[in-house]
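This report concerns only the one structure given below.
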Amino acid sequence: MTLGADLLTLTDEGLYCPQGGFHIDPTRPVERALITHGHADHARAGHGAVLASDETLKIMAVRYGEGFTGMRQRADAGETLDINGVLVSFHPAGHVLGSMQIRLERGATRVVVSGDYKRQADPTCAPFEPVACDVFITEATFGLPVFRHPEARDEIAKLLASLQTFAGRTHLVGAYALGKAQRVIAELRAAGYDRTIYLHGALEKLCRLYEAEGVDLGPLETVGRRSKELAGEVVLCPPGQLADRWARRFGDPVTAIASGWVRVRARARQRGAELPLVISDHADWDDLRATIKETGAGEVWVTHGAEEALVHWCRGEGLAARPLNLIGYGDDGEAELDAGAAIPDGVPAGETTERETMAGKAAGG
Amino acid sequence: MIRFARLLDRLSFEPRRSAKLALMREHFIETPDPERGLALAALTGGLSFRHAKPAMLRALVAERVDPHLFALSYDFVGDLSETIALIWPNGEGGDASPPALQEVVARLETARRGEVPALIAGWLDTLDETGRWALLKLVTGGLRVGVSARLAKTAVAGLGSLQPDDIEEVWHGLDPPYETLFAWALGTGERPRSDDPVPFRPPMLAHPAEDRDLDDFAPAEFAAEWKWDGIRVQAAAGYDGSGALRRRLYSRTGEDLSAAFPDLVAALDVEAVIDGELLVVIDGEVRSFNTLQQRLNRKSVTAKLMASHPAAIRAYDLLSLDGEDLRDLPFRDRRARLEDFVARLASPRIDLSPLVEVAGLEELAQARNAPETLHAGADAQAIEGLMLKRWASSYVPGRPKGQWFKWKRDPHRIDAVLMYAQRGHGKRSSFYSDYTFGVWREAGEAGEELVPVGKAYFGFTDEELAEIDRFVRQNTVNRFGPVREVRHDTEVGLVLEIAFEGLNRSTRHKSGVAMRFPRVARLRFDKPPAEADRIETLEALLPADERAPASLRKTRAG
């Protein structure tokens with residue numbers, strides 16, 4: 001029996017606090033849910049009651065409609081609530097607007113559920129706040145030592161350089177609708193880019209919500225019926241739209257993808273990125289480790305992502321660690337290790353290309 | 001090194017030729033000598049240091065990274081150099097600045113084997129992820145960023161108003177870092193003077209013969225030759241300043257193939273430049289392209305391979321003889337000199353490509369599709385069609401109008417069924433534009449099954465592409481990353497008429513055959529998939545020396 005197991009257990013719906021009678025980020029409808037942030041895999045519709053940050057509640061209302069839950073209660077950062085004898089408080093996680101870690105305390109045990117988090121600066125949300133605890137339940141989306149995210153501004157510089165080199169082509173940037181899109185816009189603004197940025201319709205509502213919450217995104221317009229006249233402009237869309245028929249309207253765009261995954265070349269290529277921008281809203285390997293140490297926790301539970309490597313590292317550091325193997329997370333466009341990338345057996349691979357490049361035979365003559 | 005790394009990084013993700021050229025041009029303009037010249041040398045395969053081996057790199061990283069974490073990471077990333085580049089500890093280099101490309105090249109050229117690991121580790125310590133990735137590509141050889149030597153030279157030519165062939169002509173007399181070449185290309189220097197006794201001479205190329213080219217075809221004005229299914233080469237020998245005969249074998253694009261064909265190079269013991277076809281000839285018979293392929297793309301060659309796959313040149317033009325440039329002469333005169341030269345040489349390695357003596361266009365048309373009827377004998381299967389050369393044509397580099405024509409034999413055609421479709425790149429990234437197709441074969445108790453026989457990604461119009469794309473999206477039964485499996489059974493499926501130039505045995509493919517230049521000739525929405533062709537139809541088209549079933553197929557047939 002581990003320390004934190006008094007406070008939290010694992011159920012089919014996800015993490016559950018029996019004493020408090022609530023779930024955290026449940027993957028199915030439950031009576032009472034505490035929600036860390038608004039990404040669809042953490043914040044689902046149909047709960048009896050939801051306790052979350054004001055921004056998260058608003059995001060859920062935008063996504064699911066006002067009736068997304070029976071009752072809603074706003075949790076302010078740092079404020080302590082007593083729920084059936086469990087002391088609960090929310091603390092900024094730095095992941096997206098309104099994202100929070102959730103701290104639980106009962107008796108001598110303090111548990112922090114990180115939700116998704118990052119440590120890099122992000123002009124669109126409050127920074128991560130380290131919270132001392134005994135048990136730290138951490139995400140591990142990028143829990144491999146090959147993931148060390150570069151500075152977002154350096155990645156944005158690549159995009160700006162490409163706009164110079166290929167001034168006549170639309171730069172189509174695939175970015176997840178909640179968080180990544182607004183961060184890319186804000187980083188572009190911070191780098192001095194002041195032209196109108198065009199949005200796929202699916203990004204509009206959340207961008208407007210960010211603006212209403214006081215995040216300045218500069219001039220934005222939806223793409224609407226525009227097509228080739230957006231040559232040389234920046235257009236943002238959900239990553240899935242890059243390969244969709246929608247993208248054809250731009251003629252010959254430069255396809256960029258803003259994601260931590262495009263650090264790995266094969267993955268960037270597989271997603272069709274010609275301009276991979278390694279911009280992630282999750283902690284990288286170095287920040288995962290630094291954060292674990294900072295919390296002072298003696299016990300670490302590793303949830304979704306690359307649990308094995310992080311658990312291995314924790315044990316090497318003398319920390320009790322276990323993988324939680326939570327299922328159901330990973331729909332936020334970034335948190336997913338996309339499966340099934342293999343090409344089926346027996347599919348011939350590019351026989352003709354090899355022949356064509358060989359000694360320039362193809363053009364013959 | 002940092003600029004070079006950035007260039008490689010961008011090139012590796014860029015599918016468009018024009019964009020690759022733009023990126024290289026930008027690099028060559030913004031980067032000073034000698035860094036840009038060394039980048040050019042790296043892109044054209046012109047750097048000559050000893051390459052680092054994977055085992056050495058593994059040992060380096062093992063000293064720095066927990067082996068279990070490395071194994072998990074390597075498993076995830078899938079590429080050794082890239083894993084090392086990403087996992088290497090940051091900031092170990094202290095205040096040391098990253099090396100210039102010049103330093104890397106110079107040190108590796110002179111380093112003793114035992115010094116190399118420490119050199120590489122020291123550089124890795126000062127570089128970031130992209131820099132480390134580029135360095136590891138460089139030191140292990142083979143950049144694989146989708147840029148051919150020719151494309152890199154084309155980018156240099158594009159710095160000013162030169163043509164790629166202008167670069168080729170002086171290329172082999174130059175060495176990295178090519179300072180005089182850049183000065184010339186940018187218009188700030190003279191054409192580099194070449195002491196090379198055997199420069200590459202850009203070849204004269206033929207236009208594909210269209211029907212209208214042949215409308216007013218006057219047979220008396222043209223020589224006809226077979227079009228051989230090998231590799232176009234230029235075999236050159238000339239005396240250098242010290243009186244030694246230097247010899248070189250060039251590909252059609254000016255790549256130096258000499259090291260892979262010492263047997264042929266040795267046969268060139270007269271000062272001359274021959275234009276001809278590289279073939280493998282055994283017992284007087286030309287072997288299939290597949291056989292020749294085994295001698296291509298090699299840096300060197302073993303005695304065993306030279307004995308089992310003897311190379312020969314079938315000569316069809318003579319550009320220079322005894323120091324005299326013949327290129328301004330009409331083809332008729334060059335041909336006469338060539339015939340005389342080949343006879344005098346009397347080498348078993350170099351023979352004459354015969355003229356096809358026929359009276360009129362109709363006979364030519366027949367010869368094109370049935371060379372065996374015109375004394376081509378056993379070599380008929382190595383013939384791709386005809387070459388028609390104007391008797392009066394002088395030898396002009398490039399593709400001058402109305403002089404030479406290639407008149408290929410009609411392609412083979414089969415009806416195949418679309419099985420998998422993959423999204424394209426660049427402009428086609430939202431279209432399913434790369435198609436894997438199959439034909440029917442016996443599958444024991446299971447009855448009939450489709451077996452993939454090839455992949456095609458051109459031949460269709462934009463409208464047809466949209467139609468196929470729609471079919472793929474509506475009939476997807478499985479997704480594998482960017483690949484979709486579409487429904488393909490006897491009832492539902494899309495029949496594609498595939499045109500192709502030839503067929504070879506292949507152990508890489510489940511079907512045991514590989515097509516050459518397959519392309520989509522027509523969409524057959526009208527045809528039920530059950531009526532598509534069978535594997536036996538294809539097997540009958542294999543060259544005689546390849547009809548024995550490949551081992552892979554044998555095991556599956558039972």
Side-chain angles (χ1 to χ4, degrees), chain A residues 144-148 150 158 162 165-166 169 242-248 251-252 254-255 263-266 268-276 278 286 306 308-309 312-313 316 337-338 340-352 354-365, chain B residues 12-15 19 22-23 26 65-66 68-69 72-73 76-79 82-83 86-87 90 128-129 148 150 203 205-206 231-232 251-253 255 257 293 296-297 399 404 406 420 423 425-427 429-430 436 451-452 454-455 479-483 485 506 508-510 514-518:
Chain A
L144 279 173
V146 289
F147 290 111
R148 284 171 303 187
K158 283 191 206 165
S162 178
T165 307
F166 302 111
R169 293 165 64 191
L242 292 173
D244 190 87
R245 281 172 269 200
W246 176 80
R248 291 177 194 167
D252 186 20
V254 173
T255 305
R263 177 57 105 180
V264 175
R265 285 163 190 280
R269 255 183 232 114
Q270 193 182 35
R271 290 163 182 232
E274 295 152 22
L275 185 62
V278 186
D286 289 350
E308 188 182 350
H312 172 82
W313 175 82
L337 299 174
D338 43 350
I343 291 178
D345 174 47
V347 178
E351 185 76 356
T352 47
E354 277 172 34
R355 153 106 196 212
E356 279 171 25
T357 52
M358 187 189 43
K361 161 73 181 168
Chain B
S12 74
F13 288 112
E14 181 54 69
L23 290 167
E26 192 176 72
V65 178
D66 178 318
H68 185 58
L69 292 178
L72 289 171
S73 298
F76 180 83
V77 175
D79 177 275
E82 190 180 346
T83 309
L86 292 176
I87 208 170
N90 278 330
D128 67 2
E129 278 86 347
S148 64
R150 176 76 174 183
L205 305 173
I231 292 287
R232 176 110 182 247
S251 77
R252 187 176 152 278
T253 52
E255 190 189 339
L257 307 175
Q293 204 158 18
L296 298 171
N297 294 332
R399 219 180 286 271
W404 290 8
K406 50 184 172 188
Y420 304 96
R423 276 205 309 274
H425 295 284
K427 274 190 159 180
S429 55
S430 69
T436 298
V451 57
K455 209 169 172 178
R479 290 163 201 240
F480 312 89
V483 176
E485 180 177 2
S506 164
R508 280 175 50 200
H509 298 158
K510 211 189 214 175
M515 285 180 177
R516 306 216 343 239
F517 300 129

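Letters A, B, ... are given to chains in the order of the sequence lines, protein chains preceding strands, and every chain is numbered from 1. The structure displayed is predicted, hence computed values, not measured ones.
Looking at A/R148, its side chain does come within 3.5 Å of a backbone N or O of B/L86 through a donor-acceptor pair. Although no hydrogens or angles enter the test, the distance criterion places no donor-acceptor pair under 3.5 Å between the side chain of B/E26 and the main chain of A/T165.
For chain A, the option among B/N90, B/V65, B/V451 with the highest count of heavy-atom pairs below 4.5 Å is B/N90. Among the candidates A/D252, A/L144, A/V264, the residue making the largest number of heavy-atom pairs closer than 4.5 Å to chain B is A/D252. Ranked by heavy-atom pairs shorter than 4.5 Å toward chain B, the options A/P150, A/A266, A/P276 are led by A/P276.
In this structure, no portion of B/S148 lies under 4.5 Å from any heavy atom of chain A. Residue B/D66 touches chain A through its side chain alone, counting heavy-atom pairs closer than 4.5 Å. Interface remark: A/R169 contributes side-chain atoms only to the contact with chain B (heavy atom separation under 4.5 Å). For A/A309, the parts lying under 4.5 angstrom from a heavy atom of chain B are both the backbone and the side chain.
Considering every non-hydrogen atom in both B/P15 and A/E274, the closest pair reads CD-CG, 3.6 Å. The minimum heavy-atom distance between B/E82 and A/R263, with the atom names listed, is OE2-O, 3.6 Å. Residues B/F13 and A/A273 come closest through the heavy atom pair CD2-O, 3.6 Å.
Using cut-offs of 30° and 60° on the angle between ring planes, the pair A/H312 and B/H68 is tilted.
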